[in-house]
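Report on the structure given below.
FYI, the numbering just counts along the sequence from 1. Just so it is clear, the values below take in all heavy atoms, side chains as well, and ignore hydrogens, waters and symmetry mates. For ligands, and for the atoms within them, numbers begin at 1 and follow the listed sequence.
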Amino acid sequence: MRIAMVSSECEPYAKVGGLADVVDALARGLGQLGHEVDVFLPLYRGVRPPAGSHRRALAVARATDPSSADEDEGDVATVDLLTGPADGYRIRLVDHPFSYDRAGLYGETGADYPDNAARFTLLGRVALETISEEGSQIDILHGHDWEAGPALLMQRHLYASDSAVASAASVLTCHNLAYHGWVARGQAWQLELPETLGAPDGIDLLREAVAVADIVNTVSPTYAEESRTAAMGAGLDDLLRSRADRYLGIINGIDTTLWDPAADSIIPVPFSRDDLSGKQACRAELGARHGLQLGDGGWERGAPILGMIGRLDPQKGFDLLASAAPGLLEAGARIVVLGTGDPALVRGLQSLATTRPDRLVVLDRFDRDEARRIYAGADMFLMPSRFEPCGQGQMISMRYGTVPVVRATGGLVDTVRDADADPQAGTGFVFGPAEPEALVEAGRRAIAAYQDEGRWRELVQRDMALDFSWGGPAREYVAAYERAVASRRQAPLDAAQRQLA
Ligand code: ADP
């Protein structure tokens, strides 16, 4: 199949969270299955196009602010499209400095850019215009999150009579239902979409995209079920339920070649399931570099290090960690946190760290290399998420022999099994309520298991043997694409029937 993806993130070019890992690895996984994939991505500041990329100019219509008095404001944007090889797929970078050459991907200092609707409309516009111009029939337009909403919607409106574009079936993957891409009516001119679309006060891009895509999916079966409920549907549960079997859950994988402790050139000493001595070295290095006291307190093997990496957002439960930290430290834990985001959460954790610098370290930055050293060097990995569509962190940590301590929600339920409840097949420690006490209790159970050296080694080795590769999930996407194609063939018939009725 020929697949055109539209995404606001993709490794190794632009990353804020798991979306970037997933788009890159899925595109590669599909390439390995023999499919042809293009990924359209903004050329943000600092993104380096791959060697061998070629550039061409493209003129696309641009919506202009009707309230603007600026006569010079053109209604055509000249954009450069850079196309390059990306290890199994093609990356297509949209170069429009006014829109993308900025300090952030989505915003700065905690505030979204006010023209995000226009920025991601331009991304979609360039994707569709390129497909139209190149005239090479694509089978699937695959959008990721609300940022691809404009592309999916323009396909069915602005490009409805352009057969190269309109004939493709569409798939929308919701990586996180919390972000809707709300555009107030007064700003809706940024979207090149019919004025009748949406509610009187504005347009919810994610909602509209969920309604229009031939197939919609989210990134784990459990989150697909949870999001059909009012409590967890982020206001979309009604619509998701109405999509019935056209809304499904496909678990993410991780890229097991990029995340491989035996071949990781960043970590101090590589290691494998059969030889864990390197993990001990990584652990010692992590502790020493951050001034953690691993040896005191009567720990025969050194105190356990609990790592936590992620966007500092209430979703991820960093506030639970802040309240649970004293209890975990009391139980003997050393804690390393790496994350950026909510300034109040950062301050809260940092002030806690100043009281126990030998036990708690808070690194307020985005640092891919340090993340690897934590995945490798920690003993346990914390993911006390309030909700979790899938999560990459718990799978990466297991691959590095770092036992996850997670809340029972979404993709965490589908990937981690409690080792006390199921001693034979358990892979981590799972707790239910989103309460600090529950996190402390799960942490204590993990620490108790860590004290039993034989049991712990078995758990570490079991986690490292798990297969989280993309092969299976990529095949599930292919099946979803096939269903989308079939339902698109059916769609004109449905419309004709509706007209007859
Ligand atoms: P989400 O997509 O909700 O942010 P995931 O667990 O699915 O959460 O993916 C997070 C990804 O981003 C992982 O690859 C993780 O290592 C990475 N990551 C998050 N925060 C940081 C950070 N501060 N520095 C480096 N990598 C980070």
Should you measure from each heavy atom of [X], which atoms of ligand 1 turn up under 4.0 Å away?
X	answer
Gly339	23 (N)
Arg311	1 (P), 3 (O), 4 (O)
Tyr375	13 (C), 15 (C), 16 (O)
Ala371	25 (C), 26 (N)

How about [X] and [Y]: does a side-chain donor come under 3.5 Å of a side-chain acceptor?
X	Y	result
Asp274	Ser272	no
Thr173	Asn217	yes
Asp24	Tyr89	yes
Thr415	Gln394	yes
Thr409	Tyr223	no
Gln190	Gln187	yes
Gln315	Asn176	yes
Glu9	Tyr106	yes

Do [X] and ligand 1 have an N or O pair less than 3.5 Å apart?
X	result
Val16	no
Gln392	yes
Trp259	no
Asn176	no
Arg368	no
Gly393	yes

Which residue owns the protein heavy atom closest to [atom], what's the atom, and how far is it?
atom	answer
atom 19 (C) of ligand 1	Gly310 CA, 3.6 Å
atom 21 (C) of ligand 1	Phe366 CE1, 3.5 Å
atom 12 (O) of ligand 1	Lys15 CE, 3.4 Å
atom 10 (C) of ligand 1	Gly18 N, 3.5 Å

Item to complete: With heavy atoms under 4.0 Å as the rule, classify the contact between Asp367 and ligand 1 as side chain, backbone, both or neither.
Response: backbone
Discussion item. At under 4.0 Å between heavy atoms, is it the side chain or the backbone of Lys316 that contacts ligand 1, or both, or neither?
Written reply: side chain
Does at least one non-hydrogen atom of [X] fall below 4.0 angstrom from an atom of ligand 1?
X	result
Gln394	no
Ile396	yes
Glu370	no
Arg365	yes

Discussion item. What verdict does the side-chain hydrogen bond (donor to acceptor under 3.5 Å, both in side chains) test give for Ser227 and Tyr247, after you've listed the backbone C-alpha separation in whole Å, the side-chain angles of each residue and the deciding distance to 0.1 Å?
Written reply: CA-CA 10 Å; Ser227 56; Tyr247 173 55; 2.7 Å; yes
Discussion item. For Tyr375 and Tyr400, take the angle between the two ring planes, folded into 0 to 90°, and tell me which bin it lands in: parallel under 30, tilted 30 to 60, perpendicular over 60.
Written reply: tilted
Worksheet item: Is there a side-chain hydrogen bond (donor to acceptor under 3.5 Å, both in side chains) between His180 and Asp204 once you walk through the steps?
Response: CA-CA 6 Å; His180 284 216; Asp204 179 329; 2.7 Å; yes
Worksheet item: Does Thr402 reach the main-chain N or O of Met398 with its side chain, forming a donor-acceptor pair under 3.5 Å?
Response: no
